[in-house]
*Asks:* 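One structure follows; several queries about it will come next.
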Amino acid sequence: MWNSFKFVKEGWIDSYMVSKMSSKMVGSNNLAHAKRMVQQLRVEASIERIKVSKASADLMRYCGENAKYDPLLMGIPASENPFKDKKPCTIL
Amino acid sequence: MAAQPSDTLATLKTESETLKTKLEEERAKLHDVELHQVAEKTEALGQFVMKTRRTLKGHGNKVLCLDWCKDKRRIVSSSQDGKVIVWDAFTTNKEHAVTMPCTWVMACAYAPSGCAVACGGLDNKCSVYPLSLDKNENLAAKKKSVAMHTNYLSACCFTNSDMQILTSSGDGTCALWDVESGQMLQSFHGHAADVLCLDLAPSETGNTFVSGGCDKKSCVWDMRTGQCVQSFETHESDINSVRYYPSGDAFASGSDDATCRLYDLRADREVAIYSKESIIFGASSVDFSLSGRLLFGGYNDYTINVWDVLKGTRVSILFGHENRVSTLRVSPDGTAFCSGSWDHTLRIWA
């Protein structure tokens, strides 16, 4: 039987209160499950990948190009940030 | 001539192991450098002064989820006591309030039009409430049940229109629904335990989304086919939150293993871990600043850690909440971010 792990583990809620799902994914048909696993792994193994150096360079370039538009990064002055005003402001 | 079932199972298991090894080898071949090494030449970030600019008080119990409206000022939040509130974050006024028929409303989302909100939790459903301009109107009367799962709803979000909703559930699946008819358009199977979170790829990137779950796995899905196209299993505990990097080429996750991690989709691997020995409590919620340079993480130790995404270092730690931070989102224009907590409040930081 499937148990809602998160709730029981966290102790947020009495395990009896959690609705239990009838076993759908766990072990009822091992063969079908194993076939699906193999098919899934074939899909994942076959994708095209790029080097981490290239991927990193691209992430850095994106940050660099957009840094000036990032208010939390650049720290925009109070006059331009509606949340930085001390008094609630009326936005027209 | 039928083969013995046990033989076939054994063959499949062997093939499974072989493929897993091959996957790791292929990924390792391209692991020529670390992100933080490439980022060494980037200028270090200065000191950050971020403060609480607004505190939204009104929930009677733990805040579990929040979402910004595209207008950059309204926020919807949901709580353990079943209340869903829509706030004007500039004035801190409550504009709408709905009481759900269930407790633990773990998921809420604002519709792209700003005219409706979706929410759900222990009722196993996702319901949509059109927001009325008439404050006296009973929102609950117009409620529309859209999604039905067989366990709790953990997250929901509208796609690029008010017409479709993506959901994740404690039943281990995600699903795409048509709001008008309530029909399931696609289901996503592959997680081996509760799915706790999801995020839609930025619209330029195409029809994919990422999910994370109690099986310590994050999965990237093709929305049209229902196929899991990539999966990552490097966290050591539940993944509570996933969020795409703004370019759509990567995503971050926050986990009960007290780390946040960055996965690059084109390199198909984890490229950064955001952790410190002093951080021992789980990360519940993560989001990026507009440029993707900063990663904000809300933690179960009541703090918010701000990470330099490229260099992998922590640039700031924010105190203020008096209980777990359970949810965190950056505003649509990046001017602020909002955190929700088990201390019943939401805070806007800038």
Side-chain angles (χ1 to χ4, degrees), chain A residues 2-7 9 12-13 17-22 24-26 30-31 34-38 40-45 47-60 62-76 80-85 88-91, chain B residues 5 8-9 12-13 15-16 19-20 22-23 26-27 30-33 35 38-39 42 53-54 73 90-91 124 150-152 170-172 189-190 192-194 196 214 227-231 238 245-247 249-250 264 266-269 271 289-294 310 334-337 348 350:
Chain A
W2 180 292
N3 227 330
S4 186
F5 304 139
K6 186 73 170 179
F7 275 79
K9 183 172 61 115
W12 294 348
I13 191 166
M17 289 172 66
V18 176
S19 62
K20 294 180 191 204
M21 184 192 138
S22 64
K24 187 165 85 164
M25 290 171 70
V26 183
N30 282 329
L31 199 60
K35 274 191 185 151
R36 272 197 306 269
M37 280 275 323
V38 166
Q40 180 59 37
L41 285 165
R42 281 195 195 132
V43 166
E44 292 186 27
I47 69 162
E48 285 192 23
R49 298 175 187 83
I50 65 173
K51 287 188 179 170
V52 176
S53 50
K54 166 101 178 69
S56 302
D58 289 346
L59 291 175
M60 280 172 55
Y62 187 90
C63 279
E65 284 169 2
N66 291 282
K68 54 183 178 284
Y69 306 118
D70 187 339
L72 286 169
L73 184 68
M74 304 309 293
I76 65 178
E80 289 172 33
N81 188 327
F83 292 108
K84 282 187 176 173
D85 289 340
C89 52
T90 313
I91 303 298
Chain B
T8 320
L9 197 61
L12 287 170
K13 287 205 161 146
E15 194 178 347
S16 218
L19 284 167
K20 277 186 190 162
K22 183 183 173 205
L23 192 54
E26 292 299 312
R27 281 172 167 167
L30 299 162
H31 189 197
D32 54 346
V33 76
L35 170 61
V38 177
T42 310
R53 305 289 174 171
R54 301 281 190 281
R73 74 184 277 175
F90 289 174
T91 61
N124 299 359
T150 53
N151 212 318
Y152 65 90
D171 68 13
H189 297 259
D194 310 21
L196 298 178
C214 287
Q227 171 86 51
C228 168
V229 294
Q230 285 172 276
S231 70
D238 302 359
Y245 183 80
S247 71
D249 288 336
D264 187 287
R266 294 174 315 144
D268 188 37
R269 65 174 299 119
V271 292
S289 71
L290 216 64
S291 66
R293 183 66 192 268
L294 300 176
L310 303 179
T335 50
F337 70 91
I348 315 268

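To find a chain, count down the sequence lines: A is the first, B the second, and so on, and within it residues start at 1.
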*Asks:* Would you compute the distance between atom OG of B/S231 and atom CG of A/L41 and round it to the nearest 0.5 angstrom?
*Replies:*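 These two atoms lie 7.5 Å from each other.
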*Asks:* First locate atom OG of B/S289, then atom CE of A/M74, and finally report the distance between them rounded to the nearest 0.5 Å.
*Replies:*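 Reported to 0.5 Å precision, the distance equals 11.0 Å.
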*Asks:* Can you tell me how far the OG atom of B/S16 sits from the CZ atom of A/R42, to the nearest 0.5 Å?
*Replies:*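 So the gap between those two atoms works out to 10.0 Å.
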*Asks:* Which of the residues A/L72, A/L73, A/V38, A/N66 is involved in the greatest number of heavy-atom pairs with chain B at under 4.5 angstrom?
*Replies:*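 So the answer, after comparing A/L72, A/L73, A/V38, A/N66, is A/L72.
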*Asks:* Work out which heavy atom in A/P71 is nearest to a heavy atom in B/L290; give both atom names and the distance.
*Replies:* CD-CD2, 4.2 Å
*Asks:* Using a cut-off of under 4.5 Å on heavy-atom pairs, state which of A/G64, A/G75, A/S53, A/A45 scores highest against chain B.
*Replies:* A/S53
*Asks:* Determine whether A/I76 and B/T335 make a side-chain contact, defined as any pair of heavy atoms from C-beta on separated by less than 4.5 Å.
*Replies:* yes
*Asks:* With distance as the sole test, does B/Y245 use its side chain to make a donor-acceptor pair with the main-chain N or O of A/L59 at under 3.5 Å?
*Replies:*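 Confirmed, B/Y245 side chain pairs with A/L59 backbone.
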*Asks:* Check whether any side-chain N or O of B/R54 sits under 3.5 Å from a backbone N or O of A/F83 as a donor-acceptor pair, and report yes or no.
*Replies:*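 Judged by distance alone, yes, a pair lies under 3.5 Å.
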*Asks:* Between A/A55, A/S56, A/C63, A/A34, which has the largest tally of heavy atom pairs under 4.5 Å with chain B?
*Replies:*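 So the answer, after comparing A/A55, A/S56, A/C63, A/A34, is A/C63.
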*Asks:* B/R266 versus A/E48: any side-chain heavy-atom pair under 4.5 Å?
*Replies:*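 They are not in side-chain contact.
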*Asks:* In Å, rounded to the nearest 0.5 Å, how long is the span from CD of A/E44 to CZ of B/R27?
*Replies:*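 Separation between the atoms: 7.0 Å.
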*Asks:* Please answer whether the main-chain N or O of B/C228 pairs with a side-chain N or O of A/Q40 as donor and acceptor at a distance below 3.5 Å.
*Replies:*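 Confirmed, A/Q40 side chain pairs with B/C228 backbone.
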*Asks:* What is the distance from atom CD1 of A/I47 to atom CG of B/L23, rounded to the nearest 0.5 Å?
*Replies:* 8.0 Å
*Asks:* Do the non-hydrogen side-chain atoms of B/R269 and A/V52 ever get within less than 4.5 Å of each other?
*Replies:* yes
*Asks:* Kindly compute the distance separating OG1 (B/T42) from CE (A/M60), expressed to the nearest 0.5 Å.
*Replies:* 3.5 Å
*Asks:* Given a strict heavy-atom distance threshold of 4.5 Å, which part of A/E80 is in contact with chain B: side chain, backbone, both, or neither?
*Replies:* neither
*Asks:* For B/D268 and A/R49, indicate whether the former's side chain and the latter's backbone hold a donor-acceptor pair under 3.5 Å.
*Replies:* no
*Asks:* Heavy-atom distance under 4.5 Å to chain B: side chain of A/K68, backbone, both or neither?
*Replies:* neither
*Asks:* With chain A, which of B/A39, B/A250, B/A336, B/G292 has the greatest number of heavy-atom pairs at distances under 4.5 Å?
*Replies:*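 Maximum pair count with chain A is reached by B/A336.
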*Asks:* If we define contacts as heavy-atom pairs under 4.5 Å, which of B/V229, B/V271, B/L35 has the most with chain A?
*Replies:*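 Answer, by heavy-atom pair count under 4.5 Å with chain A: B/L35.
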